[in-house]
Amino acid sequence: MPNRKPSRNAYYFFVQEKIPELRRRGLPVARVADAIPYCSADWAKPVFTPLRRPGMLVPKQNVSPPDMSTLSLKGDQALLGGIFYFLNIFSHGELPPHCEQRFLPCEIGCVKYSLQEGIMADFHSFINPGEIPRGFRFHCQAASDSSHKIPISNFERGHNQATVLQNLYRFIHPNPGNWPPIYCKSDDRTRVNWCLKHMAKASEIRQDLQLLTVEDLVVGIYQQKFLKEPSKTWIRSLLDVAMWDYSSNTRCKWHEENDILFCALAVCKKIAYCISNSLATLFGIQLTEAHVPLQDYEASNSVTPKMVVLDAGRYQKLRVGSSGFSHFNSSNEEQRSNTPIGDYPSRAKISGQNSSVRGRGITRLLESISNSSSNIHKFSNCDTSLSPYMSQKDGYKSFSSLS
Amino acid sequence: MSGRARVKARGIARSPSATEVRRIQASPLPRSVDLSNNEASSSNGFLGTSRISTNDKYGISSGDAGSTFMERGVKNKQDFMDLSICTREKLAHVRNCKTGSSGIPVKLVTNLFNLDFPQDWQLYQYHVTYIPDLASRRLRIALLYSHSELSNKAKAFDGAILFLSQKLEEKVTELSSETRRGETVKMTITLKRELPSSSPVCIQVFNIIFRKILKKLSMYQIGRNFYNPSEPMEIPQHKLSLWPGFAISVSYFERKLLFSADVSYKVLRNETVLEFMTALCQRTGLSCFTQTCEKQLIGLIVLTRYNNRTYSIDDIDWSVKPTHTFQKRDGTEITYVDYYKQQYDITVSDLNQPMLVSLLKKKRNDNSEAQLAHLIPELCFLTGLTDQATSDFQLMKAVAEKTRLSPSGRQQRLARLVDNIQRNTNARFELETWGLHFGSQISLTGRIVPSEKILMQDHICRPVSAADWSKDIRTCKILNAQSLNTWLILCSDRTEYVAESFLNCLRRVAGSMGFNVDYPKIIKVQENPAAFIRAIQQYVDPDVQLVMCILPSNQKTYYDSIKKYLSSDCPVPSQCVLARTLNKQGMMMSIATKIAMQMTCKLGGELWAVEIPLKSLMVVGIDVCKDALSKDVMVVGCVASVNPRITRWFSRCILQRTMTDVADCLKVFMTGALNKWYKYNHDLPARIIVYRAGVGDGQLKTLIEYEVPQLLSSVAESSSNTSSRLSVIVVRKKCMPRFFTEMNRTVQNPPLGTVVDSEATRNEWYDFYLISQVACRGTVSPTYYNVIYDDNGLKPDHMQRLTFKLCHLYYNWPGIVSVPAPCQYAHKLTFLVAQSIHKEPSLELANHLFYL
């Protein structure tokens, strides 16, 4: 027999969750209906916390900044100007616990960053890992092959560990005696810490860098801004995006040339991009090329000069003006009809580097963000992933409703 | 006991374990590194158990009260752990009878054999202590075996625990012996337990006995299986040879102890590492020889013929030569050349070759120093196939021709093995001293369940063969398809032409199946992953329903980066097609049909259905898999049906950081799936049947105690009054039994839908075998189902038929598959995440089969 139940809304479940707590408080609640009066006040709260839908924050801040006035501008300013270093060191795998040498440092990347300025400087170097412990060559080779693919021996780019460390110290270049904090992802912390210590041992320079986690940094910034703690999942999804994987000027030269995604420098830069993209915008900072790899979006055709957009509708006998793609290239309509090239007389568009019309670039997007957000979704693709529990349609709807 | 072993046992000096072991640091380990070589095989199954026996807690107990022996025992014998779990007795409806009755009976021959022994057969477990205590296991064994009291008895001994088939006269027997060094050692043999033949410990002992017997048939154990090097099958054109062999086991089936054997092959290359190196040197020249050599060799598995053991090459030591010395375990120094001469009478000819280094696997999980073995390339044969070889179609075909045995070929091999066991005097003697008798091959009766009708939109189709109904449904419309209006095709310059012709074809076939495909926007990009990703980032907007990428090569980065971006960062269904696939002449129609079907599913469409008599039934598939990048991450894929017709699915993949293959996120998934069901059906499902795949040996207990409660609690919490009834079924594709039908005096594969639920099953479980796949060549393997939890109380008949029906619902293949569709979906999902995405796909895609 089917068991028929009235449909329940979210409020029902919310109240149901609250019942044990109310009982603990000694209130006489037997059913959901009894508990409703006690819960109404609480119900209002979670719905409007920015945390629930962090993806919506970006446009919100730009359109009508509600929280801005409540925060002290001075604190913001200090935060915006604050300089952070993101550091990562890659190893040829991790050796088992009984080995004295746990890691074999092979690549280092470091980025100097502030919310205001974006990436201010970067440092990258390959490291000579030293002798591979006998018997672990396969282990190290396999670990390398599955990630950064740096050759485990005879790699002439590798620098001596002491030199690399010296250069790193020179790059961080502290005020006398006052070393800035260095950040890395929490998963990498053990490795980076171990490698730093190991390299210091080899170089006889003793300088204990304070290694903190990026996750904590994000929590800190967020807390300072919104006086609330973001969830760990939100932070993880914020930092773990694939959209910058192939951005230009992100990987080191060697990894870029060999088209390998895993690069120590890229890891650091991507942290900077992610923080810029999701946090700097909260402070109302205009994103520049130093914040995110804008050039890819701004003039994408110059990066991939052969990218040609064809509207397959050309096969269609009757082509209606209101085809489903009109919004894709409305700005290019004019351009296209003026440049008849090759086989695609009126539909193809090949824009060269000299094209005055920029692509649907992020800058234009940001410029236009205040007055129109007709194509806001483009950049927000990565923001929607921040609110994974939102259905696609709802998510987008909420964006357009904000504009 | 063989004379050779006795010689060795006299002193530890000649311990064979020192063969190729050279310790980096003299570690104080008392044990040898590889414990078993020849005689020690009697105790092979007990590796690691010897420690526990010093515990004198147990008095003599008959029966196996609490199989503590097992639990604390051997790690690699986990399959025995499952035996002590009795799930059937808790399931009232199958307690008396778990067999079905519907379907056409069919006579089947199996690869199982009777093993007869007297009714009152018992095994006696003794504990042996030595005064003074001896560290060497070999010495312990040798001293004990040299005693006349034991010499003609059937025995198995691992250095501490002794098993006898005949009771000693005294409960405590004291013996004394003298070592070669003149020390007198007192041995005390104390009776601990008397075990009936049904005890799991006995089964372990039976397995050891059979291993001994196979060795007596001059077969060698490699890994778990036994191979016969004296009858190699050669594939000269690829420099390969195959060693035929068997995987064997003895275990308790429904009513009796049975011996099962399956044919297995070991692929070897007819080339020593030294020959390989020389050839490589000639090809590449000396300049970069060491590098190329390391690149090509490191990671391969070699077999040393002198002891038929396998090692992996972890390193190459160019500084050590065969003329160098190493320290044996007793401290004496010997050169490798002399050592091999003395030990194996092998003369090493090339004295300048470098040495291969292998990191020996640790037997115990302590933090002791890793141990290295140095191997001489000249004596090492390459085994297995490299990636390069597996992608060589001709080579794989040649191998398959030899290894894919037809049922009759398999039957012949089995008959020969049995014949050998019965004829070989040594083997027969071994069996007889234990009081065992090798019996006849088991034949049993299975049932063929009726075939299924495939329901299409306006047509009910009875496929000619359930194996492939693609032809039968060609003219039919699929159940439900979203029309595809806004979509992109990404292709490179070179593939543009083929993309266009493919598009035309796709539109044609999609139209005839009732799937409306509009013209896409075609974007031409450069041939590199970055260009593809940038184009996707630029052109995908919320209206885009699907992105199709025509990949110029099967380089993994293309696929991985596209899938990664489009399933988590920017959740849009994606379809990747290799340009090479589209270039296949004359295949375009079938390729387009297949892709059109996949695309329909990715957009949330439904292709076909089967009749499901149960209303309000949710089926769930769960599979687990290790992430390819970080080995400590487990990928758990869960797929649940969300409509009573079982055509729409909710799929979710969860990553968990644990070392075990047990899922601990099932509650969150089940709750989500039930909510989805409620959303679509405004009610909760009355029945839930969970198919759990990816279960290893020895995990049954964990499953029952850890996973089932998670599922139960989420089901119970989902509703306040009547909660859904749950069943959990463990699905295993690999199982020992094989079934053949006898026809015209020869054997054949059994027909699709054959169910076996007697004799080859286990008495303590509610289990059955189902054949739901076709093997065109070779022998079909049945899928094994074990119902470990069942509230639904379905009759076994119904459970079996439902399972068979579910095998028809995998939309990536217009035919029946070897496991129920939800399992196959879960497998596909975990595979995609573990290989390419490495993070949880967006929940926005959960309602589509985006991973097909």
Side-chain angles (χ1 to χ4, degrees), chain A residues 2-5 7 96-99 132 134-139 141-142 146-147 153-154 240-243 245-248 259 261 296-297 300 303-316 324-325 327-328 359-360 375 377-378 381-382 384-385 388-393 395-396, chain B residues 24 291 294 298-299 312-317 357-359 367-370 372 485-486 489 493 500 503 518-526 528-531 533-535 537-543 557 561 564-565 568-571 616 628-629 682-684 686 719 721-722 839 842-844:
Chain A
N3 88 54
R4 293 204 168 276
K5 265 177 266 130
S7 68
H98 60 75
C99 297
I132 285 151
R134 179 65 68 218
F136 287 98
R137 188 171 280 272
F138 172 58
H139 181 89
Q141 182 79 63
S146 71
S147 56
S153 53
N154 298 341
D240 189 17
V241 292
M243 81 171 294
D245 280 356
Y246 286 102
S247 301
S248 52
D259 202 8
L261 286 186
D296 293 352
Y297 300 91
S300 56
V303 181
T304 52
K306 295 216 79 172
M307 189 192 288
V308 179
V309 181
L310 302 169
D311 193 340
R314 71 180 186 279
Y315 303 115
Q316 280 171 298
F325 310 111
H327 67 271
F328 269 109
R360 300 175 337 115
N375 52 4
H377 43 254
K378 207 202 109 219
N381 283 337
C382 88
T384 46
S385 71
Y389 300 99
M390 212 160 29
S391 83
Q392 185 165 3
K393 289 287 167 272
Y396 290 123
Chain B
I24 287 288
Q291 272 166 276
E294 277 173 357
I298 284 178
S312 69
I313 308 179
D314 289 302
D315 206 343
I316 300 174
D317 200 335
V357 182
S358 177
L359 207 57
N367 278 351
S368 59
E369 190 70 32
L372 300 176
N485 305 320
T486 316
I489 291 187
D493 252 346
E500 273 169 22
L503 178 66
D518 272 357
Y519 285 108
K521 185 184 185 64
I522 299 179
I523 301 164
K524 284 208 283 174
V525 292
Q526 273 185 316
N528 63 61
I533 288 295
R534 271 185 212 146
Q537 285 176 354
Q538 205 167 351
Y539 290 99
V540 172
D541 71 7
D543 294 330
T557 42
S561 50
K564 192 174 180 188
Y565 184 73
S568 66
D569 283 24
C570 168
S616 190
L629 269 190
H682 312 293
D683 199 354
L684 288 169
S719 159
N721 35 41
T722 52
K839 60 194 227 186
S842 167
L843 275 185
E844 286 173 35

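In the text below, chain A, chain B and the rest are named by the order of the sequence lines, each starting its count at 1. All values below were derived from every heavy atom in this structure, side-chain atoms included, with hydrogens, water molecules and symmetry-related copies excluded.
Remark: B:Lys564 pairs with no residue by the salt bridge (Lys or Arg N to Asp or Glu O under 4.0 Å) rule, at least two apart or across chains. With sequence neighbours left out, the salt bridge (Lys or Arg N to Asp or Glu O under 4.0 Å) criterion links B:Asp314 to no other residue.
Side-chain contact between A:Tyr246 and B:Pro529: present, with at least one pair of heavy atoms (C-beta onward) separated by less than 4.5 Å.
Of all non-hydrogen atoms in B:Asp569 and A:Asp240, the two that sit nearest each other are OD1-O, 4.4 Å. Summarising the geometry of B:Lys839 relative to A:Val241, their closest heavy-atom pair is NZ-CA, 3.7 Å, with the distance given to 0.1 Å.
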Test A:Ser146 against B:Leu629 for side chain to side chain contact (heavy atoms under 4.5 Å, CB included), laying out the working first. CA-CA 7 Å; A:Ser146 71; B:Leu629 269 190; 4.2 Å; yes

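Across A:Ser147, A:Ala242, A:Ala142, the residue that shares the most heavy-atom pairs under 4.5 angstrom with chain B is A:Ala242.
Rounding to the nearest 0.5 angstrom, the gap separating the CG atom in B:Asp315 from the CZ atom in A:Arg134 is 4.5 Å. Once rounded to the nearest 0.5 Å, the distance linking CG of B:Leu359 with NE2 of A:His139 reads 9.5 Å. Between atom OG of residue A:Ser248 and atom CZ of residue B:Arg534 there is a gap of 5.0 Å, rounded to the nearest 0.5 Å.
Looking at B:Thr557, both its backbone and its side chain come within 4.5 Å of chain A, counting heavy atoms on both sides. At a 4.5 Å heavy-atom cutoff, B:Ile489 makes no contact with chain A through either its backbone or its side chain.
B:Gln537 contributes a side-chain N or O that, together with a main-chain N or O of A:Met243, makes up a donor-acceptor pair within less than 3.5 Å.
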